[in-house]
Every structure is written in structure tokens, then in C-alpha cells.
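Read through the structure below, which is laid out as C-alpha cells, and then see the notes.
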Protein chains: 2
Amino acid sequence: MKLTSKGRYAVMALADLAKFDNINPVSLRDISLRQGISLDYLEQIFSKLRKNEIVQSVRGTQGGYILKKKAKDIKLTNIFDAIDEKVKTVQCKKESKKSCNGKSTKCLTHNLWDELENHINNFFKEKSLEDLVKDNIERRI
Amino acid sequence: MKLTSKGRYAVMALADLAKFDNINPVSLRDISLRQGISLDYLEQIFSKLRKNEIVQSVRGTQGGYILKKKAKDIKLTNIFDAIDEKVKTVQCKKESKKSCNGKSTKCLTHNLWDELENHINNFFKEKSLEDLVKDNIERRI
DNA sequence: ATAAACCTGACTAAAATAGTCAAGTATGAA
DNA sequence: TTCATACTTGACTATTTTAGTCAGGTTTAT
């Protein structure tokens, strides 16, 4: 059970962005250098973040990205949704639900995985970008 | 972020086992058929479960496996530990901790991933095999 | 103009996963 | 004793996913 780099990078980059938001757009090049993430890879990630209205791009020289919403309104779950990072605990697709109806032993654990999925998703729904930046400032004091 | 089949299978198989425990050993062949898991793959998994004293093997005809501890004393975390299924949210190894000391922006999210890891592990520490079987019986009524 | 920076899609190497396969050994029962 | 059942082990491999790279754009401030 592990978090992918794509998901980790997206949050790292957005946290970086959140620190400089409302001042100037932040270029991917800067984020790439600061966070040690490949520029090309960042572009893929930000393309999705833009399409899902997490960030807004500013083109041209001195361009870059800014958050499209307030940091407190961007939850981790929104970020992961945007880049298709999903929490998956079961293999079963919806069509095969019939085989998980409480009659076979498969169902013995089905409920558990649902619980686990909810448990993790709840964490993502609670945490916002603002929490991250705040937490970092507090710990620095 | 997803659970691997190995982890899912291990729990499914042990839940299956827990239902029949204290009566007769359960053969991997039976589990394989009931749960739809490759027999060879199950053998790999049970080899580790045995070495980690989660189960005990009974050889010979009518042999199979039984739980080595009481179902309520086997937590999911014990199972995952046994088969090397770990929750990993960060890439950083211990040596590179220097680069995560609160001075670089990397740390902005480091704390978050630790929280997430704990959040998930807590779930695994709380749930026992007994919970699974119990829950299943209750829902059936 | 031109350089910085966004934008897009196709491609690919490496790693992890999810097994398979082969060749055993141990044991209970007929 | 012999035979079938079932555990045991280690090596191998196909598939999938991940984590990028690469090549070509377009837009816009200066």
C-alpha cells in the first residue's frame, strides 16, 4: 500500500505554490528546482490540475501558475481527484457485485476494504492546503 | 494509493481460515477454490504467514493450516507485517533525513505523509480477524 | 523579435506485481 | 508399504504500472 510519486509531487508542488500565492505566479521551473521534480513531469501534472480548476495558468514571460481557489478550500481529495490518484482497496468492478452479496466468503472482507477506503478518504477530505502551510509555519516557530 | 493483491489475498484467506478454526485444518486447495486465488500464490503467502507464526501447518492427508493464535489476537497489522506489505507514503530513506529538516520546502509535506501513514496503520492495528468474522455474522442476521 | 514559460501527445525504461512452474518432502490412511 | 494429499521452496516470467523523457508546439511580456 503506497502513495505514488505523482500524488506526492502534486501536493508538494501545490504546497509550494500556496506559499507564494497572491503575490506572483510561480513558474514550474522554480518548483522543479526547489522540489527536485522533473519539469516535464510537473507539466503533465499541472495540465490536469488546470483542467480541474485547482490552478490557473499565466502565460508568457514571468508567467507561471497561481491557485484558482483559496488554500483552505483546496482539500487533498480535490487534488487527488484531479490527477486520477485514487484510493483502491478492492479489485471488484461494479458489474461483479453479484459475487459479493453476502453468500460467498468473498464478502467476508469486502466490507473491510470499504471501511479502509473510507478511512483513508476521510483523511484526504479533511486536510486542506492551508493546513499544510499553517502547520509548517507553526512548527518553525 | 492502492492495496496489493497479496495483502488482500492474505486477509481473505485468513478470514476464511478463522471461520473453520478449532475444527479441522483447512487446506490451501479449499481456500484457493472458495476465494478464487491461485494455489501456488497462496503457498507463497502462507509460507510467510507460517514463518511469522500467524498460522501453523498440519501435514499429510486431511492436513492444511490452522491459526496459531486466537482470531482476536491477530490484527491486520500482524498480517501485513508478515508478508512485507508496508504502508509507504514517503520515498525518503533514513539517510536522507538531513534534507528534510525544516529548512527546505520538502519538509512542507513531510509531516503530512507521516500523519497519513499513522492514520492508515492505526486502522490496521485496531482491526482483528475476529472483528471480520463477527461483522460478517452480524450483517447476515 | 525573442526568450521565458506554458501546453500537448507520444513514447519508453525500469520497477513492482502477480503470478507460474518445477521439483521436491512429510504424513495419514488403505 | 504404497499412495495420495498437501505442505515447502526457489527460480522464473509475463503483465502492468509508474515515472518519467522527448519532441514538438503556442502564447505573451519585454
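Being a predicted model, the structure only gives us computed values, none of them experimental. Chain letters run A, B, ... following the sequence lines, proteins first, then strands; residues in each count from 1.
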Contacts under 3.5 Å, N or O only, protein and nucleotides 27-30 of chain C:
| unit_1 | atom_1 | unit_2 | atom_2 | d |
| --- | --- | --- | --- | --- |
| dG28(C) | N3 | T61(B) | OG1 | 3.4 |

Determine all donor-acceptor pairs shorter than 3.5 Å in which one atom belongs to a side chain in residues 113-132 of chain B; sequence neighbours excluded.
| unit_1 | atom_1 | unit_2 | atom_2 | d |
| --- | --- | --- | --- | --- |
| W113(B) | NE1 | T109(B) | OG1 | 3.3 |
| E115(B) | OE1 | K127(A) | NZ | 2.9 |
| E115(B) | OE2 | K127(A) | NZ | 3.4 |
| E117(B) | OE1 | T89(B) | N | 3.3 |
| E117(B) | OE1 | T89(B) | OG1 | 2.8 |
| N118(B) | ND2 | D114(B) | O | 3.4 |
| H119(B) | NE2 | H119(A) | O | 2.8 |
| H119(B) | NE2 | H119(A) | NE2 | 3.3 |
| N121(B) | ND2 | E117(B) | O | 3.2 |
| N122(B) | ND2 | N118(B) | O | 3.2 |
| K127(B) | NZ | E115(A) | OE1 | 2.9 |
| K127(B) | NZ | E115(A) | OE2 | 3.4 |
| S128(B) | OG | E130(B) | N | 3.3 |
| S128(B) | OG | D131(B) | N | 3.2 |
| S128(B) | OG | D131(B) | OD2 | 3.4 |
| D131(B) | OD2 | S128(B) | N | 2.9 |

Extract from the structure each pairing of a protein N or O with an N or O of nucleotides 15-18 of chain C at less than 3.5 Å, listing the distance.
| unit_1 | atom_1 | unit_2 | atom_2 | d |
| --- | --- | --- | --- | --- |
| dA18(C) | OP1 | S5(B) | N | 3.1 |
| dA18(C) | OP1 | S5(B) | OG | 3.0 |
| dA18(C) | OP2 | S5(B) | N | 3.1 |

_Flag side-chain contact, heavy atom, 4.5 Å: D81(A) against N52(A)_ = no

*Between dC7(C) atom C1' and L42(A) atom CG, what is the distance in whole Å?*
14 Å

*Got a sec? Which of residues 46-57 of chain A come in under 4.0 Å of DNA chain C, heavy atoms?*
S47(A), R50(A), S57(A)

*Say you draw a straight line from NZ of K6(A) to CZ of F80(A); how long is it, rounded to the nearest 0.5 Å?*
11.0 Å

*What is the minimum heavy-atom distance between I37(B) and S32(B), and which atoms define it?*
O-OG, 2.7 Å

_Check against side-chain contact (heavy atoms from CB on, under 4.5 Å), Y65(B) and L49(B)_ = CA-CA 10 Å; Y65(B) 286 93; L49(B) 292 175; over 6 Å; no

*Evaluate the side-chain proximity of R34(A) to L108(B): yes if any heavy-atom separation is below 4.5 Å, no if none is.*
no

*Residues in salt bridge (charged side-chain N to carboxylate O under 4.0 Å, His left out) contact with K2(A), at least two apart in sequence or another chain*: none

*Nearest whole angstrom, please: distance from the P of dT8(D) to the CD1 of I45(B).*
15 Å

_Spacing between D40(B) atom CG and dA23(C) atom P, to the nearest angstrom_ = 14 Å

*How many angstroms lie between atom CG of L42(A) and atom CG of L28(A), to the nearest 0.5 angstrom?*
5.5 Å

_Distance, nearest 0.5 Å, that separates CG of L67(A) from NZ of K70(A)_ = 12.5 Å

*Taking atom CD of Q62(B) as the centre, does the number of heavy atoms from other residues, nucleotides or ligands within less than 6.0 Å exceed 12?*
no

*Please check the phosphate of dT20(C) (OP1 and OP2 only) for any side-chain N or O of S38(B) closer than 4.0 Å.*
yes

_Using heavy-atom distances to pick each residue's nearest nucleotide on DNA chain D, tell me which of L39(A) and G64(B) is more 5'._
G64(B)

*asked:* Can you measure E43(A) atom CD to dA23(D) atom P for me and round it to whole angstrom units?
replied: 15 Å

*Separation of I66(A) atom CD1 from dA5(C) atom P, in whole Å?*
16 Å

*asked:* In whole Å, I'd like the distance from the CZ atom of R29(B) to the P atom of dA4(D).
replied: 15 Å

*Could you tell me which residues satisfy salt bridge (charged side-chain N to carboxylate O under 4.0 Å, His left out) with K86(A), sequence neighbours excluded, listed by chain and number?*
D84(A)

*Can you tell me how far C1' of dC7(D) sits from CD1 of I31(B), to the nearest Å?*
13 Å

*Quickly work out the L17(B) CG to dA6(D) P distance and round it to whole Å.*
14 Å

